[in-house]
Amino acid sequence: MKLARDTWLIFQRQLLLMWRTPVWVAVGVVQPLFYLLLFAPLLRPVLAPGGSYAQAYRIYVPGLLTALVIMGGLFTGFTLLGELRAGIIERTRVTPVSRVALLLGRAMREVVALLVQAVIITVVALPFGLAVPVGQLLLAYLLLGMLALMASAVSYGLALLVRSDSALAPVLNTIAQPVALLSGVLLPLSLAPGWLRAVADWNPFYWAVEGIRALFAGHPGDASVWRSLVLVTALTVVAVAWSARLFTDRVR
């Protein structure tokens with residue numbers, strides 16, 4: 001109960017700070033909107049040859065949302081580094097608040113921010129013909145939320161390990177680029193050579209993208225949906241536990 005209460009207190013505080021500077025949410029939406037409005041229409045001949053724009057958006061939007069939460073979550077570690085330099089974490093360590101709650105409260109703030117951005121992008125895609133049943137859309141958002149939590153936890157853990165902006169940036173780029181490309185976020189990997197699909201099979205984010213695409217396509221019973229739920233849930237638990245351990249050991 002104490003962990004839940006402390007996490008809620010930290011989350012409320014972080015959410016208030018985000019509310020005072022909503023520009024960060026707006027900035028996070030701008031680039032995905034450019035891809036949605038300026039890039040996605042060019043993909044109809046590839047994603048839905050002879051079909052409609054709605055078919056193309058049902059394939060492209062899930063990948064775009066997954067890329068948003070992966071990239072957005074992985075780069076949250078810079079916020080933690082800024083708080084470490086400013087002494088914010090140092091001041092909170094003299095309080096009785098749980099060290100794990102300090103991590104979870106911050107990570108949940110990132111999850112909420114990324115899901116708000118995902119909702120905005122989904123709404124903007126509706127006039128282009130995107131249509132998803134509400135229940136399946138909520139399940140897709142659940143997957144996206146867990147991906148955001150996992151990516152944020154990994155980013156916080158790496159930030160605590162390297163403790164330097166100049167070191168964290170190349171580390172995150174080295175992780176983010178192959179993970180995103182091997183997830184098929186821009187184009188389905190069914191269009192890729194066989195060797196590339198074989199490599200992608202080992203990427204859990206690929207299965208997450210496939211599961212979310214199945215939900216957007218109206219196939220909640222597809223095996224990829226439940227496979228992605230199991231994989232993402234397990235990896236999120238591992239990532240949070242690893243990052244929480246680092247937070248407990250290194251924030252003293």
Side-chain angles (χ1 to χ4, degrees), residues 3-4 6-8 10-11 14 28 62-63 65-84 89 97-115 117-118 139-164 167-185 199-212 224-251:
L3 175 61
D6 289 350
T7 300
W8 176 247
I10 297 298
F11 170 70
Q14 294 294 316
L65 296 180
T66 307
L68 170 69
V69 299
I70 292 174
M71 295 298 186
L74 281 177
F75 284 88
T76 57
F78 290 101
T79 304
L80 181 61
L81 289 179
E83 291 183 332
L84 286 169
I89 304 297
V97 174
S98 165
R99 300 292 184 267
V100 179
L102 292 175
L103 164 72
L104 287 176
R106 286 170 168 78
M108 291 306 298
R109 187 273 307 270
E110 302 299 337
V111 171
V112 169
L114 290 168
L115 285 179
Q117 296 170 24
L139 187 56
Y141 284 157
L142 174 63
L143 264 171
L144 290 170
M146 287 194 293
L147 284 173
L149 178 58
M150 175 173 57
S152 299
V154 169
S155 185
Y156 287 145
L158 292 173
L160 290 170
L161 286 174
V162 301
R163 297 286 184 121
S164 166
L168 184 60
V171 169
L172 291 178
N173 279 320
T174 301
I175 295 173
Q177 288 185 357
V179 163
L181 292 174
L182 287 173
S183 299
V185 292
V199 175
D201 283 341
W202 293 91
N203 180 9
F205 293 98
Y206 164 71
W207 293 108
V209 173
E210 291 298 299
I212 295 171
S224 62
V225 174
W226 307 109
R227 184 185 294 116
S228 62
L229 281 170
V230 171
L231 282 172
V232 171
T233 301
L235 289 174
T236 300
V237 170
V238 171
V240 170
W242 172 71
S243 186
R245 178 65 180 270
L246 286 174
F247 217 92
T248 302
D249 292 343
R250 294 177 179 249
V251 178

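Residue numbers run from 1 in the order of the sequence given. In what follows, every heavy atom counts, from backbone to side chain, and hydrogens, waters and symmetry copies are set aside.
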Specify the closest pair of heavy atoms between A176 and L74, including all atoms of both residues, with the distance to one decimal.
-> CB-CD1, 3.8 Å

About how many Å separate OH of Y206 and CG of D201, when rounded to the nearest 0.5 Å?
-> 6.0 Å

Closest contact, heavy atoms only, A159 versus G77 = CB-O, 3.7 Å

Step by step, would you call L143 with S228 a side-chain contact (heavy atoms from CB on, under 4.5 Å)?
-> CA-CA 8 Å; L143 264 171; S228 62; 3.5 Å; yes

State, yes or no, whether a side-chain contact exists between V232 and F205 at a heavy-atom distance under 4.5 Å.
-> no

Where the side chain of S155 meets the backbone of A151, is there a donor-acceptor pair that is under 3.5 Å apart?
-> no

Give, for atom CG of L81 and atom CG of L160, the distance between the pair rounded to the nearest 0.5 Å.
-> 8.0 Å

Euclidean distance, F11 CZ relative to M108 CE, rounded to 0.5 Å | 6.0 Å

Determine yes or no for a side-chain-to-main-chain donor-acceptor pair under 3.5 angstrom, with T233 supplying the side chain and V230 the backbone.
-> no

Heavy-atom pair of closest approach, residues T174 and P170 | OG1-O, 2.7 Å

Would you please test L103 and I10 for side-chain contact (heavy atoms from CB on, under 4.5 Å) and show each step?
-> CA-CA 9 Å; L103 164 72; I10 297 298; over 6 Å; no

Nearest heavy atoms of L114 and A148, plus distance in Å | CD1-CB, 3.7 Å

Nearest 0.5 Å please: distance from the CD atom of Q177 over to the CG atom of L182.
-> 11.5 Å

If you round to the nearest 0.5 Å, how far is OH of Y156 from OG1 of T79?
-> 6.0 Å

Partner residues of W242 under the ring-ring contact (aromatic ring centres under 6.0 Å, His included) criterion, sequence neighbours left out = none

Give a yes or no on whether the backbone of G105 and the side-chain of T7 come within a donor-acceptor separation of less than 3.5 Å.
-> no

Of all residues at least two apart in sequence or in a different chain, which pass the side-chain contact (heavy atoms from CB on, under 4.5 Å) check with N173?
-> F75

Here the pair of heavy atoms bringing A208 nearest to L147 is CB-CD1, 3.9 Å

Atom of V162, atom of A167 and distance for their closest heavy-atom approach | CB-CB, 4.2 Å

Just jot down the salt bridge (Lys or Arg N to Asp or Glu O under 4.0 Å) partners of E210, sequence neighbours excluded, or say none.
-> R213

Non-hydrogen side-chain atoms of L229 and M146 separated by less than 4.5 Å = yes

Begin from the C-alpha positions of L68 and Q117 and carry the test side-chain contact (heavy atoms from CB on, under 4.5 Å) through to its verdict.
-> CA-CA 8 Å; L68 170 69; Q117 296 170 24; 3.3 Å; yes

Under the side-chain contact (heavy atoms from CB on, under 4.5 Å) rule, what do T66 and L144 come out as? Steps first, then yes or no, please.
-> CA-CA 7 Å; T66 307; L144 290 170; 4.0 Å; yes

For the pair R106 (side chain) and L102 (backbone), establish whether a donor and an acceptor sit closer than 3.5 Å, ignoring hydrogens and angles.
-> yes

Looking at OG of S224 and CD1 of I212, how far apart are the two atoms once the value is rounded to the nearest 0.5 Å?
-> 10.0 Å

